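The sequence lines fix the lettering, A, B, ..., with proteins before strands; numbering per chain opens at 1. No experiment lies behind these values; they were computed from the predicted model shown.
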Amino acid sequence: MHRFTTQHPDKGEITYQDRKRYLWLVSLLYPLVALSGIGLYYLTDNQWLFVVPLIASYIGVSVLDWLLGEDRNNPPEELVPQLEADAYYRWLPILTVPMHVLVLVIFAWFISSHDLGVPALIMLTLTAGLYSGLGINTAHELGHKKPALERWMARIALAVSGYGHFCVEHNRGHHRHVATPEDPASSKMGENIYQFACKEIPAGFRRGWQCEKERMERQGKSVWHPSNEVLQSYALTLVIQGALIAVFGWIMLPFLLVQNFFGWWQLTSANYIEHYGLLRQRKANGGYEHCQPWHSWNADYIASNLLLFQLERHSDHHANPTRRYQSLRSFADLPTLPIGYFGMYAIAMLPALWYRVMDKRLLALPHIAGDFDKVNIAPGRRAELEARYAGVSAQQPAAQEA
Amino acid sequence: MAKYLCPGCGYQYDEALGEPREGFAPGTIFTALPEDFFCPDCAVRGKDDFELVEE
Ligand SMILES: [Zn+2]
């Protein structure tokens, strides 16, 4: 096993063994999950097996989360510089990017060259979108990093689903305004994922474009200048998806529209669950306090964190956005979800179940303790929610119910 | 020319270098940056948070 070690003047020798080090290699195998439905179809000639990757992602990953359990291991701070400098970790997410382009082409080819029923077409298109959505998550990991290579790979990964504004919108918009009513990418208590998506997706396009426009204007350039990074990614989308339409015909148009949307939906799902109801307080000067660890929802399950490059260690990500996935830390006593992100994405699609799982958990957080002033609430819903949850307060330790 | 440090992520704004990527030309003094200037690396810390590290 690979060990990191350093000599500390006071503490003596510090060593750390990353138990997940080689597990990260599975990120290179995800294309096989995406393509597994097609493989099974060739083996069995059964078009219903196209559903396998969808079930594997939403349900299978949650089962794995439950079976493999949590990982609360943290690298010692003294060894983080070594961990960050290790090229092995650096290259894994980069290597997954070309696979996203390749898998999209394989789906496009398969759909255009086989005689498929409508249910088969839908399942295949959603699977392609699900995998492209995973690509947006990888772009998120890469887009926070400083080297130009990472940032370019992020733009390519986003181009697969036509979401080129995301890194700009996320880094400049979401991170600044996270957990405030002003952030369309932070969800509010009493707002379901469908209401959230209708605002979050268009607002993301606008804010990303706006942030990049301001940057270009400060440089004295037009927003249409080729160095506009949002535009660069959109242009790649035009090339990739335009080529697919040219080669495989008009069937590509509905395929691409739906696969793009379902890719965005994955990111919207993540945004919906990451900060639900959490609210930064105003300081005396009117500005918001910095984003604190209790302003994000976390999960520490091994399986879903491997899929998402440790996105679920979300509090540390917001405190230290430039930290690479392998060095993100888990902390005790943070807002914690009952299962991993993929299971929560599925729950979020059923609003009644979502409110049941989340609302009391939110109100019972130690820093909220039933105080609605400390909750990010959907406009106009406060009185109704206060009445519904009148019994939930600091006296009831509902936080421990799960 | 002075240097200012982001206490969150270690980014340094060096007035001599500016931050051309963000549209701040070399020689742009820190106080001349817009009030809504945020750390270009982490976007967690704003202008108020930056610490003067070198005159
Ligand atoms: Zn910073």
Side-chain angles (χ1 to χ4, degrees), chain A residues 80-81 84 143-148 150-151 167-179 182-183 207 210-223 225 227-229 280 283-293 295-296 315-324 327, chain B:
Chain A
V80 165
E84 295 265 315
H144 272 297
K145 304 294 144 347
K146 303 174 194 182
E150 270 87 339
R151 292 187 172 197
C167 283
V168 175
E169 130 65 21
H170 177 86
N171 295 12
R172 304 295 165 87
H174 173 65
H175 270 265
R176 259 176 84 170
H177 301 286
V178 62
E182 285 77 53
D183 181 28
R207 188 164 67 177
Q210 186 60 31
C211 287
E212 191 65 352
K213 181 165 175 263
E214 285 165 13
R215 186 176 77 89
M216 300 311 294
E217 283 171 354
R218 280 199 303 266
Q219 289 189 11
K221 292 176 186 158
S222 148
V223 70
H225 192 275
S227 66
N228 177 327
E229 294 178 0
R280 283 153 65 191
K283 295 184 294 189
N285 69 6
Y288 286 103
E289 62 178 326
H290 286 135
C291 180
Q292 300 296 326
H295 293 132
S296 304
S315 290
D316 200 24
H317 168 63
H318 269 274
N320 303 288
T322 57
R323 206 172 256 254
R324 290 175 184 269
S327 0
Chain B
M1 298 260 98
K3 288 181 183 170
Y4 290 79
L5 177 78
C6 168
C9 74
Y11 166 84
Q12 265 199 16
Y13 182 81
D14 182 337
E15 292 181 340
L17 302 174
E19 184 56 65
R21 214 190 101 83
E22 290 298 311
F24 304 118
T28 307
I29 57 167
F30 189 77
T31 48
L33 294 175
E35 284 317 298
D36 65 353
F37 173 81
F38 260 70
C39 174
D41 279 351
C42 71
V44 176
R45 306 295 168 132
K47 192 175 174 185
D48 288 353
D49 302 312
F50 273 68
E51 294 161 2
L52 178 67
V53 285
E54 209 180 299
E55 286 290 348

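Annotation: side chain of B/C42 is not in contact with side chain of A/N320 (no heavy-atom distance under 4.5 Å). Here the side chains of A/H144 and A/H317 are in contact, with some heavy-atom distance below 4.5 Å. Looking only at side-chain heavy atoms (C-beta outward), B/P7 and B/R45 come within less than 4.5 Å of each other.
Salt bridge A/E150/A/K145: absent, no basic N to carboxylate O contact under 4.0 Å. Under a 4.0 Å N-O distance rule, the pair B/E19/A/R218 does not qualify as a salt bridge. Between A/K283 and B/D48 there is no salt bridge, since no side-chain nitrogen of the basic residue lies less than 4.0 Å from a carboxylate oxygen of the acidic one. Comment: A/K221 does not engage A/E217 in a salt bridge, judged by the lack of any side-chain N to carboxylate O separation of less than 4.0 angstrom. The pair A/E182-A/R280 does not meet the salt-bridge criterion, since no charged nitrogen lies less than 4.0 angstrom from a carboxylate oxygen.
For the side-chain contact (heavy atoms from CB on, under 4.5 Å) test with A/V223, the passing option among A/R215, A/Q210, A/K213, A/E214 is A/K213; the others fail.
With a 4.5 angstrom heavy-atom cutoff, A/E212 does not touch chain B via any of its atoms. Residue contact with chain A, scored on non-hydrogen atoms closer than 4.5 Å, involves the side chain of B/F24 exclusively.
Residue-level contacts of residues 171-178 of chain A with chain B, in order of numbering, are A/N171, A/R172, A/H175, A/R176; threshold 4.5 Å between heavy atoms. The interface of residues 25-38 of chain B with chain A, defined by heavy-atom distances below 4.5 Å, comprises B/D36, B/F38.
Between the side chain of A/H225 and the backbone N or O of A/S222 there is no donor-acceptor pair closer than 3.5 Å. At distances below 3.5 Å, at least one donor-acceptor pair connects side-chain atoms of A/Q292 with backbone N or O atoms of A/H290.
Contact count against chain A (heavy-atom pairs under 4.5 Å) is highest for B/A43 among B/A43, B/G46, B/P40.
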